[in-house]
Amino acid sequence: MQPLVYLAVRGWLGWIQFVERSRKAFLNSSLVLVAAGAVHCWAVVYSLFVAVHTRAMRFSGYHQGSSEQLPQAVALTETLAVSSLWVWLIAGFTTAAVRMLDEDADGLPLGTEDLKWGPILRFIRSPFLHSALGHAHSVSCVGLFVSIILLCATMATMKGGITVCESCLAIVAIGFAFPHMVLAGRRLSDSADQALSEVLPDDSLEAAAAEAAAIGPQLCVILSLADAPGHAYWWQNLMYTLASMAFIAAVVASARSPAKVANVALPPEKSESFVCLTMDVMTALSIILSYPHLNTWFLRIGVVAVIGCGVAAQFGPVREIYLDWLEPIFVIRSDSHKRVPNQQRQLIKIISWAAAVLCALVALWDIALHPLALASSVADSSR
């Protein structure tokens, strides 16, 4: 159920961005990319857990309910991923609480006493606290990205030959994790930041991380579920390989020639917004078809609620409430001249988006034609 919540929130935010694209946009800063990357990373970790459990079911008799068939690294990685997610949640909720308390203290002073900051307000506004929260986000992201690398290594060394679909999943997962992990690590060390700045073009890591987060998590989930039936025709494997290679090419092209400078707020192109929303919907359908037990009244009510929130965004008063919630990171958009055009990069990105959508369609066709509900233990461990 957790990836469905992720996809719902992601789709809602994407729709808000599309509706408000002429006025506002999400800030393209390293802190925002790292904080959001942790959430995207959880979907990638989920997909790798599904792939590992599916391999165990296929070759190790795991379907008989013996979790001892799983490598010990799986339990260690799960602990690391859950711990990192808790660090991210605590840091996120603390940041939100600090913001609310700081805003409440910003009223007009009525006397000289109001000009003096109390100990709580001094602590809230101290650079130490804000630096600690930023580092907590970075540490949680590094932990989650290390989990991705460990799960890819575990999947490669498990019993049974690795399939083409699993190889593509590992390629996309590492392609997503690498720029985020380096970006998070750079925030933790000034010396590393300086060394990377001398080697890499300006804003290259931010551009690569943004491009990887656009369709990478959805593609990982789709590839993990596409392999569940246990077979694939040659043309399916070709499509999966094409999609993964095109994804890596788009991330590299974005790193070599960033589409926009860092710390600006520019909305994605209409075509990119459409592709991301389409991938969100198809990924959710893949999960529901693979796990029929999720198709309950609770899920249907949730779908209606998400659609209702999207429709409500068309009305000004409701949209203003949404914008107030997102105010720190959803700001007045920058001028369009801050975009950096590059025809080669744009062509590679379009090919990547088209290949990802085709990959999702092929996977949906295969899942619908050969429905397979994974064991309940797989679902429980991946939630």
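We number each residue from 1, following the sequence as shown. In what follows, every heavy atom counts, from backbone to side chain, and hydrogens, waters and symmetry copies are set aside.
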[X] to [Y] - nearest heavy-atom pair and separation:
| X | Y | answer |
| --- | --- | --- |
| Gly175 | Ile248 | CA-CD1, 3.6 Å |
| Trp353 | Ile215 | CD1-CD1, 4.1 Å |
| Met279 | Ala356 | SD-O, 3.7 Å |
| Pro258 | Val340 | O-CB, 3.5 Å |

Say you draw a straight line from CD of Glu269 to OG of Ser273; how long is it, rounded to the nearest 0.5 Å?
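So the CD of Glu269 and the OG of Ser273 are separated by 8.5 Å.
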Output the distance between atom CZ (Phe49) and atom OG (Ser147), rounded to the nearest 0.5 Å.
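Going from CZ on Phe49 over to OG on Ser147, the span is 7.0 Å.
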Backbone N/O of [Y] and side chain of [X]: donor-acceptor pair under 3.5 Å:
| X | Y | answer |
| --- | --- | --- |
| Ser224 | Val221 | yes |
| Trp15 | Gly310 | yes |
| Ser334 | Ala265 | yes |
| Asp203 | Glu206 | no |
| Ser352 | Ile348 | no |
| Arg333 | Arg21 | yes |
| Gln17 | Lys24 | yes |
| Ser257 | Ser254 | no |
| Ser83 | Leu80 | no |

Find out if a path of hydrophobic residues (ILVMFWY) with successive side-chain heavy-atom gaps under 4.5 Å connects [X] to [Y].
| X | Y | result |
| --- | --- | --- |
| Tyr233 | Ile222 | yes |
| Ile149 | Ile171 | no |
| Val252 | Phe145 | yes |

Are the side chains of Asn342 and Arg256 in touch, meaning some heavy atoms are under 4.5 Å apart?
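No - every pair of side-chain heavy atoms lies 4.5 Å or more apart.
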Just so I know, are the side chains of Arg10 and Gln218 near enough to count as touching, which here means a heavy-atom distance under 4.5 Å?
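Sidechains of Gln218 and Arg10: in contact.
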Between Asp366 and Gln236, do the side chains contain an N or O donor and an N or O acceptor separated by less than 3.5 Å?
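Looking only at side-chain atoms, Gln236 and Asp366 do form a donor-acceptor pair, the distance falling under 3.5 Å.
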Output yes when Glu320 and Arg23 qualify as a salt bridge under the 4.0 Å nitrogen-oxygen rule, no when they do not.
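Counted as a salt bridge, because a side-chain N and a carboxylate O are separated by less than 4.0 Å.
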With Arg319 as the cation and Tyr322 as the aromatic partner, state whether NZ or CZ is under 6.0 Å from the six-membered ring centre and within 45° of the axis.
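No, Arg319 and Tyr322 do not form such a contact.
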Flag yes if more than 12 heavy atoms outside [X] fall under 6.0 Å of its [atom1] atom; otherwise flag no.
| X | atom1 | value |
| --- | --- | --- |
| Phe330 | CZ | yes |
| Trp297 | CH2 | no |
| Gln314 | CD | yes |

Over 60° means perpendicular and under 30° means parallel, so tell me whether Phe176 and His40 are parallel, tilted or perpendicular.
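Perpendicular.
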